[in-house]
Amino acid sequence: MNGTNGVAKLSDTYGIMTFSGDVMRRRLPHDIYEKLQKTMSRGEPPDPAVAGMVAAAMKSWAMEHGATHYTHWFQPLTGSTAEKHDAFLSPTGDGAAIETFSAGQLIQGEPDASSFPSGGIRETFEARGYTAWDASSPAFIYKTPDSATLCIPTAFVSWTGEALDKKTPLLRSIQALSEHAMRILKVFGSDKGVHHVTTTIGSEQEYFLVDREMYDRREDLRLCGRTLIGAPAPKGHQLEDHYFGAIPERVMGFMTEVERRLYELGVPVKTRHNEVAPSQYELAPTFELANVAADHQMLVMQILRTVAEKHGFVCLLHEKPFAGINGSGKHNNWSMATDTGVNLLDPREQTHTNMQFLVFLCAVMRAVDLHGDLLRAAVASAANDHRLGANEAPPAIISIFMGDMLSDILDQLEKGQARSTKTGGQLDLGARTLPQIPRHSGDRNRTSPFAFTGNKFEFRAVGSSQSIAWPNTVLNTIVAESLDYVATELEKRVRGGKGGKVEKLEAAVKEVLKQLVKKHRRVVFDGDNYSAEWHKEAARRGLPILPTTPDAVKALASRKSFELFEKYRVLSHRELEARIEVSYERYNRTIAIEARTLASMLKREVLPAAVRYQTELASSVAATESAGVKSPETRKRLQELVKLIGQLHAAIDDVDKYEAHRAGGAEQHARFVADKLLPAMNHARHVSDTLEQLVPGDLWPLPRYSEMLFIK
């Protein structure tokens, strides 16, 4: 990596473990390379004729880099990735072995499908599943100190052809959006040379680092990824001194290695910094095509965890590993672009005259207004419920932030026609040695779950441990439906309008935009989304308020939802039913594991420590008073401790009782878990955290927040 004077050369490292770009160009015949590029950049169907040449080139390239095995790398409904490794060497009948990797082996694999979540699509005795090569996402070599494996991104479907993964619906949703975005471009005459519209994503990743030794002493972190008990440290992020502060040296070493590994895998990481909470950090890549970005995001999480181990850390990707301080999200920066590189959400100068941009913008506004409940469902999980609406996290009410300039244009459109664009002007910083700097036409809003940020929308409610594939599948689908509606309205008016082509188009766009703004502007909110007043206002506007996962997932089961996903061929009725079932099951099982872990820690660690302290206090009181000296303060502390220990016994009994209860089907049980089990767990935590603040440090068995968050 080192260039002149020790300066790293990105070109020496970037993508060297990825079968794309220059690697493909050098190793494939020109016509094969061109065909594969069309699949990758335009979304065209892969030509079966290229598979044999690609397989041969891929195998030789991988083996030159030390690969001995290949795997179809896919994303089942677990939320993680999965892989089954096969060796390139195959035995022959004479006892020898040959190196093989055919077109058939590249295109299709057959992993066992029986033990992955399927939501009823497959029974456990039905084992057959297929992986299918996704030629639009580059293969890569994943290296460990002792091995190298060629990883081929694939879809994963059942023997019946139904999607059992997160990639297949994402690809379908991109196709649906492209179809209807192209119709709008055609209305504007902007479709010349454009073959495909895709979505682009830049996904920020927040995470915590904790010392491995402390992690190993916390059963809750090991089994659940978050602290189930733990009193707040005297200092959290009140002073805001960690945010964008100097990166600790040990952490910088970790970040540098993460970036190097990701560069090798072709992941275009660009930003690193301290986040709001102590021991919280962020990594962010530049924009990529949505499908590739979703694959790369899974690699980012894997590399973060793997490299952390080498540096004596554990990387926590849970949305709320520590109560009372900032949680972690995965801000999903989303836009639409043509395959010629035009960003369809770029307002440009004099935005009020950019009618095509305003049509796409208002189509997104309509989609979020009509289907905000589905966006909320797309980010629903037991982990994210702890975060949404808490410190520095958008609330569980989906609204759009537009900013001063766009909100002003919406005002004008609602009245009939946009005539001007607000500008930000210049900022004079008051010192001659500082330059005047341009000011944006509007501020940013850190509390909005879905904010326009210049030339994209930032979907900030996505959880840090989540695959971005499902939220973007939902987002693409609802926008496809909205683009379909808008395209139909424009086409109808342009065909039936009076005057020439330009006059017809201007009249049609003006009428449609006015209608969209009047009907759907209720979802736009530029104020403080954390305020109690906004919750009341959102209810008055009729926006869905879905605070828990059971509330949110129920929206997926609506007739509207089934019709939407079926109409745009993103998910069949059965495929959506399966995802609903998996969501409920995952929620129930996650909290059941947390409840059992909590009860175990309270019984085996917290209660014994509290009883030992009670014994010490009782002995102290007895010894003091036997000497004829009264000790009212110590006796009062002892009485308080005895009372808390009694409360903890009762709280543990409640947790055990509610965890053992089964309330009907998955949906009914999820509702019971949210209404009964979680409150019982929260009460038990409150009692334990109160005890932690009383029990001396030498008796308390667990690392405290002040140690985990501030010892680097």
Side-chain angles (χ1 to χ4, degrees), residues 1-2 8 10 12-20 23 55 58-76 78-90 97 99-101 105-106 109 111-112 131 133-134 137-154 156 205 207 209-213 215-216 222 225 250-269 272 281 283 285 292 294-317 465 467:
M1 274 188 69
N2 290 333
L10 181 57
D12 293 344
T13 305
Y14 185 75
I16 63 171
M17 294 299 168
T18 303
F19 193 75
S20 63
V23 174
M58 205 179 275
K59 183 195 74 172
S60 63
W61 166 75
M63 295 187 73
E64 286 172 18
H65 282 85
T68 57
H69 290 68
Y70 69 91
T71 182
H72 278 194
W73 186 79
F74 58 99
Q75 300 178 37
T78 57
S80 304
T81 57
E83 52 198 61
K84 181 186 77 171
H85 296 198
D86 287 298
F88 286 122
L89 286 175
S90 296
E99 297 167 356
T100 62
F101 184 59
Q105 290 167 309
L106 169 64
D112 188 330
T131 50
W133 175 38
D134 173 18
S137 185
F140 58 92
I141 298 170
Y142 190 85
K143 281 197 168 188
T144 69
D146 302 311
S147 69
T149 304
L150 172 64
C151 298
I152 304 158
T154 58
F156 177 48
Q205 176 71 63
Y207 60 93
L209 292 176
V210 296
D211 188 89
R212 177 79 206 203
E213 186 272 332
Y215 171 89
D216 286 340
R222 295 198 311 273
R250 182 180 170 197
V251 175
M252 182 66 85
F254 156 79
M255 288 180 169
T256 301
E257 183 172 353
V258 165
E259 289 177 353
R260 179 183 60 78
R261 292 284 304 276
L262 290 174
Y263 288 148
E264 290 176 352
L265 292 167
V267 182
V269 288
R272 64 187 182 203
Y281 307 94
L283 171 153
V292 177
D295 286 352
H296 281 171
Q297 180 53 223
M298 301 305 291
L299 278 175
V300 164
M301 292 192 288
Q302 185 174 351
I303 295 296
L304 284 172
R305 291 190 182 106
T306 301
V307 175
E309 298 276 345
K310 292 179 61 178
H311 291 261
F313 290 119
V314 172
C315 177
L316 301 179
L317 296 174
S465 66
S467 162

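If you're wondering where the values come from, they're calculated on a predicted model, not measured in any experiment.
Between Val267 and Arg261, every side-chain heavy-atom pair lies at or beyond the 4.5 Å cut-off. At least one side-chain heavy atom of Glu264 sits less than 4.5 Å from a side-chain heavy atom of Ile16. In this structure, Gln75 and Phe156 have side chains that are not in contact, with every pair of non-hydrogen atoms separated by 4.5 Å or more. Annotation: side chain of Met301 is not in contact with side chain of Ser80 (no heavy-atom distance under 4.5 Å). Within the 4.5 Å cutoff, no side-chain heavy atoms of Gln205 are placed close to those of Val269. Inter-residue side-chain proximity for Val300 and Leu262 is flagged as met; some heavy-atom pair is nearer than 4.5 Å. Using a 4.5 Å cut-off on side-chain heavy atoms (C-beta onward), Cys151 and Ile141 make no contact.
Under the 30°/60° scheme for interplanar angles, the aromatic rings of His69 and His85 are found to be tilted. Ring geometry for Phe254 against Phe313 counts as perpendicular: the plane angle is over 60°, on a 0 to 90° scale with 30° as the lower cut.
The ring-ring contact (aromatic ring centres under 6.0 Å, His included) search around Tyr142 returns none, not counting sequence neighbours. With sequence neighbours excluded, the residues that form a ring-ring contact (aromatic ring centres under 6.0 Å, His included) with His65 are Trp61. Remark: Ser147 engages Thr144 in a side chain to side chain donor-acceptor pair (under 3.5 Å) (not counting sequence neighbours). Partners of Phe140 by ring-ring contact (aromatic ring centres under 6.0 Å, His included), not counting sequence neighbours, listed by chain and number: Trp73.
Residue pairs meeting the salt bridge (charged side-chain N to carboxylate O under 4.0 Å, His left out) criterion with at least one partner in residues 78-89, sequence neighbours excluded, do not occur; the list is empty. Within the structure, salt bridge (charged side-chain N to carboxylate O under 4.0 Å, His left out) contacts touching residues 65-76 (residues at least two apart or in different chains) do not occur.
Summarising the geometry, atom OG1 belonging to Thr154 is positioned 9.0 Å from atom CG belonging to Asp295; distances are rounded to the nearest 0.5 Å. For the atom pair His311 NE2 and Met252 CE, the distance stands at 12.5 Å (nearest 0.5 Å). In this structure, the separation between CZ on Arg260 and CD1 on Ile303 is 9.5 Å, given to the nearest 0.5 Å. Separation of atoms NZ (Lys59) and CD (Glu64) is listed at 11.0 Å; rounding is to 0.5 Å.
Arg222 places a side-chain N or O within 3.5 Å of a backbone atom of Asp216 that can act as its donor or acceptor partner. Checking side-chain atoms of Tyr14 against main-chain N and O of Gly266 turns up a donor-acceptor pair under 3.5 Å. Here the side chain of Thr18 pairs a donor or acceptor atom with the backbone of Leu265 at under 3.5 angstrom.
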Pair Met298-Ser467, side chain to side chain contact (heavy atoms under 4.5 Å, CB included): steps then yes or no
CA-CA 7 Å; Met298 301 305 291; Ser467 162; 3.7 Å; yes
Let's go through Thr131 and His72 carefully: what are the C-alpha distance in whole Å and the side-chain angles of both, what is the deciding distance for side-chain hydrogen bond (donor to acceptor under 3.5 Å, both in side chains) to 0.1 Å, and is it a yes or a no?
CA-CA 7 Å; Thr131 50; His72 278 194; 2.7 Å; yes
Under the side chain to side chain contact (heavy atoms under 4.5 Å, CB included) rule, what do Ile152 and Phe19 come out as? Steps first, then yes or no, please.
CA-CA 10 Å; Ile152 304 158; Phe19 193 75; over 6 Å; no
Should Tyr70 and Met58 be marked as a side chain to side chain contact (heavy atoms under 4.5 Å, CB included) after you check the CA-CA gap, both sets of side-chain angles, and the distance that decides it?
CA-CA 10 Å; Tyr70 69 91; Met58 205 179 275; over 6 Å; no
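What you find for Tyr207 and Leu283 is that their closest heavy atoms are CE2-N, 4.1 Å. Minimum interatomic distance between Ala62 and Leu150 (heavy atoms only, all atoms of both residues): CB-CB, 4.0 Å. Of all non-hydrogen atoms in Leu106 and Trp133, the two that sit nearest each other are O-CB, 3.3 Å.
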